[in-house]
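Nothing here was measured: the structure is a model prediction, and the numbers come from that model. Chain letters run A, B, ... following the sequence lines, proteins first, then strands; residues in each count from 1.
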Amino acid sequence: MSKLKEQVAEIIYNAVKESGYQISEIYLDKPKDEKFGDLSSNAAMTLAREFKLPPRKIAEEIISKIKTDDGFITKAEIAGAGFINFFLSDNCYKDELKNILSEGKNYGRSSVHSGQSANLEWVSANPTGPLHTGHGRQLCLGKAIANLLEWTGYKVTREYYYNDAGNQMNNLALSVRARYMQIFQKDFPFPEDGYVGDYVKIIAENIFAVYSDKMKDSADLDFFRKEGEKYTFDLIKKTLTGLGINHDIFFNESSLYENSEIEKTLEAFKSKGLSYEKDGAVWLKMDEEKGFQKDKVLVKSSGEPTYRLPDIAYHIDKIKRGYDLIIDIFGSDHGDTYKEVLYGVNALGYDSDKIKVIIHQMVTFKMGTESVKMSKRSDNVYYLEDLINDIGADAMQFFYVMRGANSHLDFDISLAKDKSEKNPVYYIQYAHARICGILRNAGEVFPSYAETDLTELNTEIISSPEEMKLLKILSDFPDEVISSAKTFEPHKIITYLNSVAENFHRFYHNNRVIDAENKELSISRIHICLAVKQILKNGFDIIGISAPERMY
RNA sequence: GCGCCCGUAGCUCAAUCGGAUAGAGCAACAGCCUUCUAAGCUGUAGGUUAGUGGUUCGAUUCCACUCGGGCGUACCA
């Protein structure tokens with residue numbers, strides 16, 4: 001809770017107590033409509049149910065205990081079914097303006113989770129090809145969520161689960177070898193489910209450039225696998241670092257084999273009687289009462305584990321590392337499988353309470369009204385690098401994060417690409433650029449503004465409705481960060497930034513900032529601009545987009 | 001069939017533990033540039049929150065059912 005909220009909550013709490021009631025927690029909402037004040041509490045309605053009294057009567061009792069003459073709360077009134085609405089003095093917000101300016105890039109950071117650690121694992125694409133637009137949503141969501149967690153005090157470990165074994169990698173090896181062989185023999189057969197992307201041909205050409213025909217007819221699939229893995233993983237990492245995403249840990253799945261954790265996990269299932277053998281495979285018994293319909297295979301009859309077994313071992317490993325919060329991000333196509341993994345983790349006696357799985361819905365790409373079809377088979381794949389080249393990294397991240405994860409996302413490429421007022425990302429960035437323009441102007445007219453002592457800043461002069469509305473919105477930022485972080489929903493930050501931009505643009509049109517005739521007013525308005533700029537920048541940092549100084 | 005998610009303005013989406021008159025952008029219509037960036041602002045229009053019932057002071061939100069869509073329902077990940 002922000003300081004303002006805390007103070008009001010404290011006042012209500014005491015008033016409730018004085019009135020002879022008891023309440024465990026005070027909820028304060030910011031009403032949608034300004035006429036209902038700055039903060040609103042439903043405490044009286046909650047108590048009404050408990051004490052079987054009319055809510056308005058309780059509200060009256062509470063309100064009579066609240067002081068409104070100390071310059072903090074200017075008015076407290078009962079409205080509607082029994083809401084208690086509080087009107088705060090303008091000075092509260094003017095003081096907050098100074099806080100924003102003095103805390104600067106740290107304004108909005110909180111310590112609600114300080115001392116706690118979080119692990120976020122996401123992207124985790126297999127090194128079989130470049131990242132494509134299907135990876136984009138979780139990539140951008142994860143980046144923003146990791147930042148949000150840090151803003152609320154978590155020490156965050158960013159992790160990538162790296163799977164360099166299994167079917168898909170074999171498939172890559174066969175594909176690379178086929179392309180390599182086709183250099184010598186045009187009709188060399190390409191594997192049925194091979195990777196048809198052009199990058200495979202490039203890998204083959206690179207091999208040819210170094211080894212010439214030495215690997216011709218070689219049965220050494222391992223060689224082709226490693227060449228393919230190295231090249232594709234470099235592509236993946238290049239995309240990630242280009243977006244400012246730097247994982248702290250690349251957890252290699254094969255390490256779970258090397259330290260026998262896979263084996264131990266399998267043994268644990270066996271010894272607890274949770275698995276059995278059938279048709280040459282090892283099956284995990286699933287609990288029907290927990291909604292599972294049938295048993296699942298842990299080890300295939302080929303002797304190779306399915307993804308489940310290492311995944312369970314991996315999650316146990318993460319639990320053992322002692323994080324306070326463990327987050328996985330998956331697309332909805334994995335919506336069932338994570339439940340199986342958690343079931344396995346629990347069945348072995350580990351507590352999965354700290355694991356939070358974020359499932360996001362699928363993304364549909366459109367060019368205007370026309371939907372963009374993708375298919376791996378025909379290499380009709382829209383790679384993330386191409387999307388970035390087409391619309392820019394900022395627009396891409398903005399669009400991916402702009403909606404709640406649980407909503408299906410319609411990604412309109414032509415809109416994102418549009419360098420016009422239609423594009424929502426520019427609306428917000430433009431507010432920042434516009435402020436930078438004003439500040440350039442300020443630097444010429446009142447070059448001394450930068451040396452203003454905040455304690456000397458005249459805030460009395462701030463009075464227009466647009467100014468006050470803007471200050472109120474700005475002071476919401478810390479709460480917005482906390483609430484977005486709490487529910488892991490970075491789109492709330494975008495919704496909020498949009499309202500900041502909207503109120504700034506309105507302020508701009510109605511309040512001339514630089515007025516050579518009125519230095520005092522200009523200086524205070526310049527500081528409002530500085531605060532807006534700071535909030536926008538802090539929000540952009542969380543989402544991970546840039547704060548442009550100019551947009552022409 | 002079963003499981004998860006979703007259904008809100010013409011389109012894409014918001015809506016703070018269940019709160020007050022359900023909000024933005026795009027599209028449409030009407031205005032605003034000798035003044036700090038018009039990538040902007042102002043106004044108009046647009047809704048039985050898919051439907052039916054239930055829970056209560058109050059339901060877009062919770063419950064049940066129906067209809068419609070997405071994703072799963074592999075010895076792929």
For this session: Take A:Cys436 and A:Lys339, find for each the nucleotide of RNA chain B with the closest heavy atom, and name the residue whose nucleotide sits nearer the 5' end.
Result: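 So the residue in question is A:Lys339.
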
For this session: Select from A:Ala501 and A:Arg512 the residue whose nearest nucleotide in RNA chain B is closer to the 5' end of that strand.
Result: A:Arg512

Which part of the nucleic acid, if any, lies within reach of [X] when heavy atoms closer than 4.0 Å are counted: base, sugar-phosphate only, or nothing?
X	answer
A:Thr487	nothing
A:Gly404	sugar-phosphate
A:Thr495	sugar-phosphate
A:Phe292	nothing
A:Met402	nothing
A:Glu549	base
A:Gln293	base
A:Arg308	nothing
A:Asp279	base
A:Leu409	sugar-phosphate
A:Lys294	sugar-phosphate
A:Ala79	base

Side chain [X] and base [N] donor-acceptor under 3.5 Å:
X	N	answer
A:Ser40	B:A20	yes
A:His491	B:A14	no
A:Asn85	B:A20	yes
A:Arg506	B:U42	no
A:Asn42	B:G19	yes
A:Ser332	B:C4	no

For this session: Decide, yes or no, whether a salt bridge links A:Lys57 with A:Glu61 under the criterion of side-chain N to carboxylate O below 4.0 Å.
Result: yes

Problem set entry | Salt bridge flag under 4.0 Å for residues A:Lys318 and A:Asp328 |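 The answer is yes: the pair qualifies as a salt bridge.
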
For this session: Check every atom of B:C36, B:A24, B:G40 against the side chain of A:Ile438 and return the nucleotide holding the closest atom.
Result: B:C36

For this session: Using the C1' atom as the reference point in each nucleotide, state the distance between B:G10 and B:C57 in Å, no decimals.
Result: 37 Å

Problem set entry | B:A24 versus B:G46 - spacing of their P atoms, nearest Å |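 Approximately 15 Å lies between the P atom of B:A24 and that of B:G46.
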
For this session: Can you tell me which stems RNA chain B forms, taking runs of 3 or more consecutive Watson-Crick or G-U pairs with both distances under 3.5 Å?
Result: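 Stems for RNA chain B, defined as runs of 3 or more consecutive pairs: B:1-7 with B:67-73, B:10-13 with B:23-26, B:28-32 with B:40-44, B:50-54 with B:62-66.
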
For this session: Give a yes/no verdict on base stacking between B:A20 and A:Phe83: centres under 5.5 Å, planes within less than 30° of parallel.
Result: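 A:Phe83 vs B:A20: stacking yes.
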
